[in-house]
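What follows is one structure encoded as structure tokens, with my remarks underneath.
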2 protein chains.
Amino acid sequence: MQESLVRLTRQLSFLVEVDKLKQVLRQTSLIDGSRRENSAEHSWHIALMALVLAEHAGAVVNLHHVLVMLLVHDIVEVDAGDTFAFDIQANATKAEREQLAAARIFSLLPEEQGKLLRSAWDEFEAGVTAEARFANALDRLAGLLSNQHNDGGTWRRHHVSREAVLRRMEPIREGAPGLWPFVMQVVDEAAASGALGA
Amino acid sequence: MQESLVRLTRQLSFLVEVDKLKQVLRQTSLIDGSRRENSAEHSWHIALMALVLAEHAGAVVNLHHVLVMLLVHDIVEVDAGDTFAFDIQANATKAEREQLAAARIFSLLPEEQGKLLRSAWDEFEAGVTAEARFANALDRLAGLLSNQHNDGGTWRRHHVSREAVLRRMEPIREGAPGLWPFVMQVVDEAAASGALGA
């Protein structure tokens, strides 16, 4: 096979494989509560959040790089599934499962492309750069918005405490400090309504 | 209300509103055929296609701008619904319905942000710039990939001819010529298998 054709075949096999992300269900629901959302449509939504909310980031960020991270941030769930934020047992094995998944899935691509997207995923996971902090903040914001519009959603269903939610939302305070007053307002309202435990 | 709070409130109301795109079903199916896909997860998938397939574009493109267009390209469907490519009647009213939708939805945002994203949507629709041509090519490619993996999918179901599909795929020849041999191969295989009419 011609080299360029080998290359395109690998690119398409990656794109076909990650189509499965459309079937990975998260714990959170659509904002209207009609069903649980999947990780592919969630990834679209937070990429759009990045475009709209960039001014609230904690530092000047390279927005394109934020988008690249957000587009790939959940791809490993094709193998590893979505791990619920407040599930302690599942989170103990999450890193290992996701590393194996990343190794397999990104290697479907031509080598240099696989490395590039893998490094974007690694950067998101490490959460150290300004771009990764902002991207992680948006990932947390998505869950908060869903729960805000679903009478507490996963918080109420899993008896999560106000303190645990604030700990979970901490990346927003760091990565998108302009959104923090809004987060506090939502959390306080949820606590007042009984959606969050003391 | 403080000006910055008014601004954030408008940004969030837009993001909450477009969550509805997760419920707009396209005619095409997931690649494994298990269900129809929605326009939000489709938007994620083609944004990822842009990252992976940029080298096949017909010109050097500003990839960030391509991503912005792809993230907003279907937003109007929140009001206007998805219009099936081969439905002549529905396509007669599509432009008008989508213009009304764009006017409403983008105006939820702070004015200058609404204008910016609206202009990205307009640019995608016009399909004139190199970025818009590449973005439109990917939009067509997504449908082709789905049908390739679903025994002809919408082509077979709606008795579409080989000629009509090639006309529909024309933006790929213009916007991503590197992908054209692959398109021809898929179309020829579909025709040979009887998925496409003569």
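We name chains A, B, ... by the order of the sequence lines, and we start the count at 1 in each one.
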Taking all non-hydrogen atoms of both residues into account, name the closest pair between [X] and [Y] and its distance.
{"X": "B:Ser43", "Y": "A:Trp44", "value": "CB-CD1, 3.4 Å"}
{"X": "B:Leu51", "Y": "A:Gln113", "value": "O-NE2, 4.0 Å"}
{"X": "B:Leu8", "Y": "A:Gly178", "value": "CD2-O, 4.5 Å"}

Checking heavy atoms, do the side chain of A:Leu116, its backbone, both or neither come under 4.5 Å from chain B?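 Looking at A:Leu116, nothing touches chain B.
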For A:His149, which atoms come within 4.5 Å of any heavy atom of chain B: side chain, backbone, both, or neither?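 Just the side chain, heavy atoms under 4.5 Å.
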Among the clusters formed by ILVMFWY side chains lying less than 4.5 Å apart, do [X] and [Y] turn up in the same one?
{"X": "B:Phe84", "Y": "B:Val78", "answer": "yes"}
{"X": "B:Met169", "Y": "B:Met184", "answer": "yes"}
{"X": "B:Ile46", "Y": "B:Trp180", "answer": "yes"}
{"X": "A:Phe86", "Y": "A:Val186", "answer": "yes"}
{"X": "A:Leu5", "Y": "B:Phe182", "answer": "no"}

In this structure, are over 12 heavy atoms from other groups packed under 6.0 Å from [X] atom [atom1]?
{"X": "A:Gln99", "atom1": "CD", "answer": "yes"}
{"X": "A:Glu163", "atom1": "CD", "answer": "no"}
{"X": "B:Glu96", "atom1": "CD", "answer": "no"}
{"X": "A:Gln89", "atom1": "CD", "answer": "no"}

Any sub-3.5 Å donor-acceptor pair from A:His45's side-chain atoms to B:Leu15's backbone N or O?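 Confirmed, A:His45 side chain pairs with B:Leu15 backbone.
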Is B:Gln11 reaching over with its side chain to a backbone N or O of A:Leu53, donor-acceptor style, under 3.5 angstrom?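 No, because the side chain of B:Gln11 does not come within donor-acceptor range (under 3.5 Å) of the backbone of A:Leu53.
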Can you check whether B:Asp19 reaches A:Asp32 side chain to side chain, under 4.5 Å on heavy atoms?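 A side-chain contact is absent here, since even the closest heavy-atom pair is not under 4.5 Å.
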Heavy-atom pairs under 4.5 Å with chain A, option from [options] with the top count:
{"options": "B:Leu141, B:Leu70, B:Val16", "value": "B:Val16"}
{"options": "B:His65, B:Met49, B:His42, B:Glu55", "value": "B:Glu55"}
{"options": "B:His64, B:Arg7, B:Lys20", "value": "B:His64"}

Best-contacting candidate, A:Leu21, A:Leu117, A:Val72, against chain B by heavy atom pairs under 4.5 angstrom: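 Heavy-atom pairs under 4.5 Å are most numerous for A:Leu21.
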Most contacts with chain B, counted as non-hydrogen pairs under 4.5 angstrom, among A:Leu30, A:Leu48, A:Val52: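 The candidate making the most pairs under 4.5 Å is A:Val52.
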For B:Leu67, which atoms come within 4.5 Å of any heavy atom of chain A: side chain, backbone, both, or neither?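 The side chain, not the backbone.
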Under 4.5 Å from any heavy atom of chain A - which part of B:His56: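 Contact with chain A is through the side chain of B:His56 alone.
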So, taking the atom named [atom1] in [X] and the one named [atom2] in [Y], what distance separates them when rounded to the nearest 0.5 Å?
{"X": "B:Lys22", "Y": "A:Arg35", "atom1": "NZ", "atom2": "CZ", "result": "8.0 Å"}
{"X": "B:Gln23", "Y": "A:Glu41", "atom1": "CD", "atom2": "CD", "result": "8.5 Å"}
{"X": "B:Asn38", "Y": "A:Asn38", "atom1": "CG", "atom2": "CG", "result": "6.5 Å"}

